[in-house]
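Reading through the structure tokens given below for one structure.
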Amino acid sequence: MADKKVLVMGGGAAGIQAALSEASAGNKVYLAEHFPSVGGERIPQDRIIADGDAFTVPDVAAIKKNENIEFLSNADVQSLVGENGQYKAKIHCRTARVDMEKCDDCGECIKVCPIHMYDDYNEGIEWRTAVDFFNSGSGNYNIFKEDMPVCQRTCPINLDIRTYVGYIADGKHAESLATIRKKLPFPLSVGRICPHPCEEECNRQYKDESISICFLKRFAGDYEINNNVEPRIHVPEEKYSEKIAILGAGPSGLTCAYHLALFGYENITVYEALPEPGGMFRVGIPEYRLPAHILAKDIEFITKHGVEIKCGVRIGQDISFDEIKANHDAVLIAIGAHKGTSIRLKNEDAEGVFDGIKLLKDANLGDEFPITKGKAIVIGGGNVAMDVTRTALRVGFDEVNLLYRRTRKELPASPWEVDAAEEEGVKFNFLTAPQEVVVKDGKAVGVQCLKMELGEPDASGRRKPMPVEGSEFVMDADAIFGAIGQVTDNSLVDEKYGFTFGRKLNFEVNPETFETNVEGVYASGDAATGANIAVRACAGGMKAAESIHKYLRGK
Amino acid sequence: MYIYEKKGRYIIDFQDIPAARAKMPEIHVPERQGNFEEVETGFPEEMAVAEAKRCLSCRRCLGCALCWAECKPEAINFDLPDQDFDLDVDKVILTSGMQRKIVPVAGNVSNKHMNVVTDLQVERMLADTGPSNGLILRPQDGEVPKKIAFVQTFGADNDSVRDATLIFGVNEAILAQKKIEGAEISIISPAMDAFKESAGGDLDKVSGVNFINGTVVEAAEVGESKDIEVKYDAGGEKTETFDLVVLLTQPELPPSIQDAAKMVGVEVNYVSFQGKAGEMVETDKPGVVLAQNV
Amino acid sequence: MCTGRVDPALVADAFVNGADGILVLGCYFGDCHYITGNYMAKTKLDMATEMLAYAGLNPIRLQFRNLSSAEGARFAKHNTEFVEQIKEIGPLGTGDKIGMPELKEQLQIAQKALAGPKLRWVVGKKPVFIDDDKGNKYGEVFTQHEIDRTLSGIVIDEMATQSIMAALQKKPAAVKDLAKELEIPAPDALKYVLALKRRGFVELDGVEGTSPIYKYKEAQS
């Protein structure tokens with residue numbers, strides 16, 4: 001009789017040895033391994049082998065024979081808690097799809113399997129088949145099924161890219177668009193502006209170039225407009241009457257509203273502080289990348305599902321948060337991150353120093369901007385900085401200089417945005433660190449800069465920029481724009497609720513459910529994650545909708 | 001967290017490879033000045049369809065169930081569910097797993113050189129039950145290499161990880177030396193001198209392997225055979241051509257073990273498992289034990 | 001008899017035995033006595049065409065056309081047209097991607113692949129895979145493009161695998177020589193050989209100089 005229970009994590013040589021010795025001491029052993037199979041011979045790394053045993057060969061057969069050992073393959077430990085020799089473990093074992101009690105290791109399945117794939121156990125030296133023994137001799141057959149292709153996995157909202165691209169290849173553009181809209185209600189907008197992390201992972205790049213996934217999404221959307229196709233509106237069978245308030249009509253808020261409408265909620269109100277809906281799509285992305293009339297089409301599609309948007313209502317000013325909370329069954333805070341981060345330079349408050357976000361907003365909404373000619377300096381290196389430079393040129397500045405303390409290689413902006421800015425005439429000043437704003441008569445007239453050079457590579461091989469002594473110089477400017485990041489303006493909620501905030505003044509949420517620490521209040525998008533890409537905000541909105549639905553139905 | 005998704009894995013050489021990706025049509029720079037016209041004008045239908053057709057529709061298991069149809073003992077069952085276990089245990093034993101970090105050698109962008117392999121791949125090849133009958137093979141043409149360089153491309157986090165890495169490489173070199181007649185084997189590491197000191201006399205027993213204290217500057221493919229030309233600095237720059245280059249990888253704890261340790265509340269790193277082979281080391285938590293590497 | 005029963009392996013067999021062209025005439029779509037027989041025929045013949053074209057055959061030599069059994073004049077017209085087309089490109093081995101006798105060898109390999117279980121099975125699954133209400137074992141529905149990719153992937157894999165097996169059946173060989181002879185990139189040839197070894201079709205014969213030599217392994221039982 002086994003007197004103790006032991007969990008061994010890892011089915012390598014050390015794990016097998018430990019399992020066998022515990023079992024022989026009369027204990028019941030659970031051997032949990034992340035891979036489908038245990039064992040395999042290893043070359044030692046703790047002693048130089050002279051003669052004799054080159055490989056450590058774990059006794060896999062003994063594990064199988066030993067009745068005190070239960071082998072858990074494909075195992076992931078989900079929780080492991082306890083104290084003082086009393087531990088509780090929750091272990092999830094992914095299915096092998098092969099019943100090992102019945103399998104007789106005849107190998108017929110691998111002879112007929114039509115699929116070759118990367119063989120993990122042998123580090124890709126040969127190919128395995130989709131149904132396969134993991135390491136030879138183990139007899140642990142398994143069928144490997146990936147949960148989704150790499151592109152879909154990389155996409156924050158997990159769009160079924162393989163299917164919607166496939167439909168375009170088949171000429172079924174409406175089906176393609178419907179596939180996208182199962183999750184994302186912004187194909188026209190996201191299809192134009194997404195930095196498409198999916199394309200970075202596309203497997204085709206190892207042979208030639210990635211598929212142009214993002215623009216294909218745009219195509220599916222454009223095709224509907226260009227051919228005057230009436231979009232399909234999904235009418236849910238069940239209806240729910242709970243009242244839901246969504247604060248912020250941006251990518252995240254509207255995606256959440258869309259999904260709630262698909263679930264069947266009929267009383268969804270979206271409150272927007274700005275005069276027009278769209279959030280950063282409307283005021284953060286310049287017109288030349290995403291025209292307002294295109295964005296309007298996506299928003300129209302959403303409102304057709306029965307979502308009401310109230311613009312020009314600032315929470316905490318026009319209506320209090322208390323009132324919103326009291327009158328609704330659930331609230332989503334999706335107010336984005338619209339406040340530019342300070343450039344932290346001396347004299348940054350001088351006249352002529354602006355938040356880059358303000359230029360983008362004013363240009364997009366057609367508002368007058370105080371200065372629109374002469375020389376502009378933009379500080380920052382992200383995609384927002386690129387938008388600011390290109391917008392500055394368009395509103396009338398004669399010369400736009402971008403300052404960045406590292407080199408082009410380290411620029412966080414997407415390379416195609418950098419190329420476009422350069423093509424249009426933006427001057428890039430690399431290895432140039434701004435030091436302070438130069439002021440004359442209370443007005444900013446330039447930026448004092450310091451040249452940098454790359455130092456010796458450090459342990460990770462990266463070369464850090466070092467200041468060049470005595471290289472200070474002043475770059476003239478009529479306007480200076482900061483574009484080094486944004487934070488959330490969280491002043492709409494009162495302290496009494498006890499919301500907790502992150503480094504970007506963002507609402508802290510449960511990363512799975514997007515719940516805040518206040519019951520019935522959710523937050524998503526930039527307001528929860530800090531400034532991030534639009535499609536991630538949409539993904540948050542979708543997940544928040546699922547959580548709100550679960551919360552309201554569980555009530 | 002799947003182990004199966006690795007870069008550069010098998011892609012069929014379809015007949016439409018290579019084909020360039022569609023380029024988004026744009027309005028010219030002069031037309032953009034002083035206005036906010038949309039710059040990118042969108043794919044025309046023909047272009048979009050052609051671009052979509054480039055998609056490889058990546059999929060592993062087809063779900064065709066041919067294996068199921070062929071399985072006489074009816075062991076294959078697509079509906080077999082995932083299983084969850086709630087275990088109450090008295091003892092938890094953690095092991096170090098077998099994850100290793102690859103630091104590519106300069107010049108071998110995205111590990112593209114065919115004849116640059118990792119020490120893990122060589123271990124699989126040397127194993128009798130491995131894919132190559134215990135032979136070391138060049139991935140480029142399946143030939144047995146004569147001139148091999150083991151290369152360490154990084155400075156290890158600490159001395160014991162450095163030693164583990166190099167001992168692994170030295171052991172492989174010894175085995176390769178035995179297996180390949182007339183083999184010429186070099187091990188190049190920036191930490192070789194320090195390693196020699198810590199390894200002491202053991203290393204002197206190894207004959208026929210060239211130990212070089214040096215830093216590899218660059219590796220490049222040469223000629224049709226895709227041999228690897230290695231430029232290295234060992235008190236003066238040298239260039240040598242090898243049939244095969246083996247990258248030494250650094251062992252590290254896999255996320256599964258790291259997570260488990262964090263959940264149960266013990267602090268571990270790779271070094272925690274580098275004690276006397278097979279020994280059980282207690283942690284701060286009674287009943288949580290670290291099985292040392294064997 | 002229904003065109004749905006025209007097996008791709010039979011078609012390949014006819015070409016191996018010197019047929020210059022094959023015209024398959026089936027009922028109009030929607031008129032099938034067995035409901036989907038002619039759709040099945042089209043699917044199978046499309047795949048056979050892809051396979052044989054990959055092997056080097058001019059795809060004009062294999063055609064599927066629709067006809068009802070009451071249309072004598074149309075039958076004659078189809079035949080005349082087809083014969084004209086075949087005459088224009090000439091006998092087998094002229095107007096194809098490769099000439100004789102290589103074409104015959106390639107067609108034999110294609111025949112083996114078409115007769116094997118993989119293509120046969122997956123082609124048979126196609127109608128289920130693209131059906132919105134069914135899909136594969138995991139419930140995944142394929143687009144037409146996906147199923148086409150899948151099938152051409154198997155065609156390419158099977159051609160390489162079968163040609164390596166055929167070559168090794170003739171005589172044991174090293175990977176680099178197989179690669180040269182069969183015009184398969186050497187790194188791929190190595191993986192195909194090792195994968196065949198894993199499946200028990202091939203084994204190591206010995207090492208000559210620096211070259212491991214592989215041989216065909218006779219099936220047990």
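Numbers restart at 1 for each chain; the letters A, B, ... are given by sequence-line order, proteins then strands.
- When all heavy atoms of B/N171 and A/I48 are compared, the pair lying nearest together is OD1-CA, 3.4 Å.
- Between the side chains of A/Y118 and B/R60, no donor-acceptor pair of N or O atoms lies under 3.5 Å.
- For chain B, the nearby parts of A/S210 are the backbone and the side chain; heavy atoms of each come within less than 4.5 Å.
- Using a cut-off of 4.0 Å between Lys/Arg side-chain N and Asp/Glu carboxylate O, A/R394 and B/E37 are scored as not salt-bridged.
- Closest heavy-atom contact between B/Q121 and A/I125: O-CD1, 3.2 Å.
- No salt bridge links B/D82 with A/R97; every basic N to acidic carboxylate O contact stays at or beyond 4.0 Å.
- Heavy atoms of other residues, nucleotides or ligands lying less than 6.0 angstrom from NZ of B/K285 number more than 12.
- When each of A/C103, A/P286, A/G85, A/C109 is checked for heavy-atom pairs under 4.5 Å with chain B, A/G85 comes out on top.
- The heavy-atom pair separating B/D88 from A/K5 by the smallest distance is O-CD, 3.3 Å.
- A/H92 and B/Q83 share no donor-acceptor pair across their side chains, judged by distance under 3.5 Å alone.
- Counted by atom type alone, B/T118 and A/E123 present zero donor-acceptor pairs between their side chains at under 3.5 Å.
- For a residue to count as touching a neighbouring chain, one of its non-hydrogen atoms must lie under 4.5 Å from one of that chain's; by this rule A/P58 does not touch chain B.
- The two residues A/I43 and B/F168 come nearest to each other via the heavy atoms O-CE1, 3.4 Å.
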